[in-house]
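Shown next, in structure tokens, is the structure this report addresses.
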2 protein chains.
Amino acid sequence: MGKKVRGGRLPGFRLRGRIWIEGPDGTFLGYGRVVLLERIRDYGSISAAARSMSMSYRHAWRLVESMNRQGRYPVVEKRTGGRGGGGAVLTETGRHAIASFWKAYHEFREYMLERSAHLDL
Amino acid sequence: MGKKVRGGRLPGFRLRGRIWIEGPDGTFLGYGRVVLLERIRDYGSISAAARSMSMSYRHAWRLVESMNRQGRYPVVEKRTGGRGGGGAVLTETGRHAIASFWKAYHEFREYMLERSAHLDL
DNA sequence: CATCGTTATGCTTTTTGGGGAATAACGGCC
DNA sequence: GGCCGTTATTCCCCAAAAAGCATAACGATG
């Protein structure tokens, strides 16, 4: 009655995955980008956001550029100069993008959790 | 009655994703690895399989090593020397791994297709 | 009008993943 | 026993991605 000779489940193995939103020019939104957007929202500047997640400013800036360029509307509005040197704030589009991504993301986590259960190896 | 000012859907954008099976030492099975296993099954050798997908033998060999080392049982049995120089064949574990992955993979495709439909951006 | 921290951008260095070539060992088969 | 194509492994090189460094430019505020 043992179905197969193979020793059964491999304990340490699990199904993993990731999702992202792709635009005309490659990735538009992914986990890292969304976290970056949230930090920008919380800290009010790209550089502070980058520092807070130990990412280089240059990299963070490029990510924001990529997101802003792809959509019809920018996700981040940037101001140079002025009090405190300037800063950056989320647009309504940006806030909406974050919400959309998290929604898809959490549904996906749910799915993966459920699906991992009947993974037979 | 327009719900929001934002101009509506961004036409070119779509939800994408990928899945893989992770073992104690990183990736155990992914799309590329499974295709490689199938080629090994079809051609009877790692080098022919690698050639058929224009992958370097070195890379293919490493992937096989990674898979073989992680599981309780190897997925590929390799023979050096002999008629035709040797070769490689799938084990029962290997065949089962392929089937398991494709099952999860196709279910996942289904899910993504369905989920992409109500992605609002 | 000098200050200050931020955006903006170019240049150089480091890291990383993989390809290519070279070589040894192997072992049925003629 | 020599041949042959495969497994097994090492060393060097290349390209792409990201980090690090170094400056400009900016503009509200004191």
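Just so it is clear: chains get the letters A, B, ... in the order the sequence lines come, proteins before strands, and each one is counted from 1. We use all heavy atoms of the structure for the numbers below, so side chains are in, but hydrogens, waters and symmetry mates are not.
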Look only at the side chain of Thr91(A) and the backbone of Pro74(A), and say whether a donor-acceptor pair between them is shorter than 3.5 Å.
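Side chain of Thr91(A) to backbone of Pro74(A): a pair is present.
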Between the main-chain N or O of Asp25(B) and the side-chain N or O of Gln70(B), is there a donor-acceptor pair closer than 3.5 Å?
yes
N or O in side chain of [X] less than 4.0 angstrom from [N] OP1/OP2:
| X | N | value |
| --- | --- | --- |
| Trp61(B) | dT7(D) | no |
| Ser45(A) | dG5(C) | no |
| Lys78(B) | dA8(D) | yes |
| Ser56(A) | dA19(D) | yes |

Would you kindly give the [atom1]-to-[atom2] distance between [X] and [N], to the nearest whole Å?
| X | N | atom1 | atom2 | answer |
| --- | --- | --- | --- | --- |
| Leu63(B) | dG19(C) | CG | C1' | 14 Å |
| Ile46(A) | dT7(C) | CD1 | C1' | 7 Å |
| Arg69(A) | dA8(C) | CZ | P | 12 Å |
| Tyr57(B) | dT10(D) | OH | C1' | 13 Å |
| Met55(A) | dA17(D) | CE | C1' | 13 Å |
| Arg62(B) | dG19(C) | CZ | P | 10 Å |

Quick one: sort the Trp102(B) and Tyr31(B) rings into parallel, tilted or perpendicular, breaks at 30° and 60°.
perpendicular
Classify the nucleic acid contact of Arg51(A) as base, sugar-phosphate or nothing, counting any heavy atom under 4.0 Å across all strands shown.
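Here Arg51(A) touches the backbone only, sparing every base.
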With a 4.0 Å cut-off on heavy atoms, is Arg79(A) in touch with a base, just the backbone sugar-phosphate, or nothing at all?
sugar-phosphate
Side chain of Arg83(B) only, please: which of dA8(C), dT6(D), dC29(C) is the nearest?
dC29(C)
Mapping Glu65(A) and Gly85(A) onto DNA chain C by nearest heavy atom, which one lands closer to the 5' end?
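So the residue in question is Gly85(A).
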Let me know, please, whether Gly81(A) or His59(A) comes out on the 5' side of the other along DNA chain D by nearest nucleotide.
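On the 5' side of the pair lies His59(A).
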If each of Arg58(B) and Ser47(B) is mapped to the nucleotide of DNA chain D with the nearest heavy atom, which maps nearer the 5' terminus, i.e. the 5' end?
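The answer here is Ser47(B).
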When you look at Met67(A) and Val76(A), which way does the side-chain contact (heavy atoms from CB on, under 4.5 Å) test go after all the steps?
CA-CA 8 Å; Met67(A) 291 185 270; Val76(A) 169; over 6 Å; no
Can a salt bridge be assigned to the pair Glu114(A) and Arg109(A) using a cut-off of 4.0 Å between side-chain N and carboxylate O?
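The answer is no: the pair does not qualify as a salt bridge.
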